[in-house]
Amino acid sequence: MSEVDNFPLDSDYDLTTEQIHNFQHDGHLLVRGVVSPKEIAIYKPALVETVDRYDREQQAMEKTVSGQSQGWQFVENLYQLDLVAQRFVLARRFGKIAADLLGVDTVRLFRDQSYFKKPGGGNTPWHQDGYFMPLDTTQIVTMWIALSEVSPEMAPMTFASGSHKQGYIGASMPLDESMDEFEQSIIKSGFQLKNYGAMAAGDASFHSGWTLHSSRKNTSDRTREALVIVFYADGARVTMPPVPANALPQEQFAAVIRQRNLSTCLPGLKPGDLAETSMNPIVYRRTLTSEF
């Protein structure tokens, strides 16, 4: 029996009614201590080793868009590459938090991905995750968990509160000028921006698939080690909206990534199919005796 077997991450992390309300109102939430220091110490070495091992071999989604040489380490679907990573990504604890925030009984995995931003690592442009996903549901939540301490200089994410209620709003390019301009436009539209600042290892933010968010350059001298896990409500179907001929460059990029996600995260499916493949295991299902 390995040490991981003694820390299966299957215990509940119970959210308060206020936390669930705040998430549904704002579209984002910071949850402290989702994973304990001991649990991080057990799982992190295998997660980091897997990222290092596969980084050069796997071209991940954002490398197609920005970050090809900007100090990023993106590795997609670690859960398929390492058994310890699989135990972490498919943890019942995480799935239950996702289901509670969405107010649903069952959630599936869409994908996981490392978000390691090295010193000097470039901007993550303003975007909405749901726009990149070929799913017909808004019931999508992204978990962003810090594997090591994150300081304000290490580019924690900024969210536009309430933007998840407005549908597709738009996106910026990763250049500072584009991000600044887009940021000012959403502030003028009435959205308040929220950055949670410093995070301890094991803290996690959760945001709706349609919440606008971004991250700036890592100006520290340490790598920001974070892992993203995306969940969606069971019962969603595949959809591939058409791309207008006059689409902006960032929207054309999004269409390319949406098609790639269909191939890699929902392989073999076509529009109208239930979003269920071997790549999308159920991570949490509420039993009839469970209390919401």
Side-chain angles (χ1 to χ4, degrees), residues 1-11 13 30-63 67 70-98 107-119 121 124 129 141-151 154-157 196 198-207 215 218 220-231 261 264-265 279-281 283-284:
M1 177 180 291
S2 70
E3 197 168 11
V4 169
D5 293 322
N6 296 321
F7 296 88
L9 300 177
D10 60 359
S11 60
Y13 188 110
L30 177 64
V31 184
R32 301 286 187 184
V34 172
V35 179
S36 72
K38 178 64 174 178
E39 291 166 334
I40 284 288
I42 296 300
Y43 283 90
K44 178 181 172 180
L47 294 169
V48 172
E49 193 278 331
T50 302
V51 171
D52 288 341
R53 180 166 23 117
Y54 286 94
D55 178 50
R56 293 184 180 181
E57 302 175 16
Q58 180 169 309
Q59 292 296 314
M61 180 179 71
E62 282 81 358
K63 281 189 175 180
Q70 296 186 36
W72 286 89
Q73 284 183 289
F74 289 118
V75 177
E76 194 171 32
N77 291 326
L78 275 73
Y79 86 100
Q80 290 196 313
L81 305 176
D82 179 82
L83 290 177
V84 174
Q86 184 178 96
R87 295 282 293 272
F88 192 85
V89 170
L90 301 183
R92 178 186 181 278
R93 183 185 304 168
F94 305 156
K96 183 178 185 299
I97 293 174
V107 292
R108 291 182 178 271
L109 176 71
F110 183 75
R111 68 179 177 98
D112 73 78
Q113 191 171 27
S114 64
Y115 273 59
F116 287 20
K117 184 180 282 194
K118 295 180 180 180
T124 300
D129 295 345
V141 62
T142 296
M143 172 184 173
W144 193 101
I145 184 164
L147 300 180
S148 57
E149 180 182 352
V150 176
S151 70
M154 296 170 73
M157 286 192 296
Y196 291 107
M199 297 173 68
D203 291 348
S205 66
F206 293 81
H207 63 269
S215 170
N218 179 2
S220 79
D221 59 359
R222 293 185 294 124
T223 296
R224 187 200 70 184
E225 297 172 319
L227 182 67
V228 161
I229 308 173
V230 184
F231 306 93
N261 276 336
T264 60
C265 300
M279 296 284 293
N280 317 112
V283 183
Y284 177 77

Evaluate Glu225 against Ser148 for side-chain hydrogen bond (donor to acceptor under 3.5 Å, both in side chains), listing each step before the verdict. CA-CA 6 Å; Glu225 297 172 319; Ser148 57; 3.1 Å; yes

Minimum heavy-atom distance between [X] and [Y], given as atom pair plus value:
{"X": "Ala146", "Y": "Ala200", "answer": "CB-O, 3.7 Å"}
{"X": "Leu30", "Y": "Met199", "answer": "CD1-CE, 3.7 Å"}
{"X": "Ile40", "Y": "Pro45", "answer": "O-CD, 4.2 Å"}
{"X": "Ala91", "Y": "Val283", "answer": "O-CG1, 3.5 Å"}
{"X": "Cys265", "Y": "Met279", "answer": "O-CB, 3.6 Å"}

Pairwise side-chain contact, [X] with [Y], heavy-atom cut-off 4.5 Å (strictly under):
{"X": "Leu109", "Y": "Asn280", "result": "no"}
{"X": "Ile229", "Y": "Tyr79", "result": "no"}
{"X": "Leu81", "Y": "Arg53", "result": "no"}
{"X": "Arg87", "Y": "Leu9", "result": "no"}
{"X": "Tyr13", "Y": "Lys96", "result": "no"}
{"X": "Tyr115", "Y": "Ser215", "result": "no"}
{"X": "Val48", "Y": "Gln73", "result": "no"}
{"X": "Arg224", "Y": "Trp72", "result": "yes"}

Between atom [atom1] of [X] and atom [atom2] of [Y], what is the distance when rounded to the nearest 0.5 Å?
{"X": "Gln86", "Y": "Thr50", "atom1": "CD", "atom2": "OG1", "result": "11.5 Å"}
{"X": "Tyr54", "Y": "Glu49", "atom1": "OH", "atom2": "CD", "result": "8.5 Å"}
{"X": "Arg32", "Y": "Ser205", "atom1": "CZ", "atom2": "OG", "result": "10.5 Å"}
{"X": "Thr124", "Y": "Asn218", "atom1": "OG1", "atom2": "CG", "result": "10.5 Å"}
{"X": "Asp112", "Y": "Leu90", "atom1": "CG", "atom2": "CG", "result": "8.0 Å"}
{"X": "Asp55", "Y": "Ser114", "atom1": "CG", "atom2": "OG", "result": "7.0 Å"}

Applying side-chain contact (heavy atoms from CB on, under 4.5 Å) to Val51 and Leu227, what does each step give before you reach the verdict? CA-CA 10 Å; Val51 171; Leu227 182 67; 6.0 Å; no

Phe94 ring center within less than 6.0 Å of Phe88 ring center: yes

Taking the side chain from Arg111 and the backbone from Asn77, do they hold a donor-acceptor pair closer than 3.5 Å? no

What verdict does the side-chain contact (heavy atoms from CB on, under 4.5 Å) test give for Ile97 and Phe206, after you've listed the backbone C-alpha separation in whole Å, the side-chain angles of each residue and the deciding distance to 0.1 Å? CA-CA 9 Å; Ile97 293 174; Phe206 293 81; 3.5 Å; yes

Before giving the answer on side-chain contact (heavy atoms from CB on, under 4.5 Å), spell out for Val228 and Thr142 the whole-Å C-alpha distance, their side-chain angles and the decisive distance to 0.1 Å. CA-CA 7 Å; Val228 161; Thr142 296; 3.5 Å; yes

Give the intermediate values and the outcome of side-chain contact (heavy atoms from CB on, under 4.5 Å) for residues Asn261 and Phe110. CA-CA 9 Å; Asn261 276 336; Phe110 183 75; 3.9 Å; yes

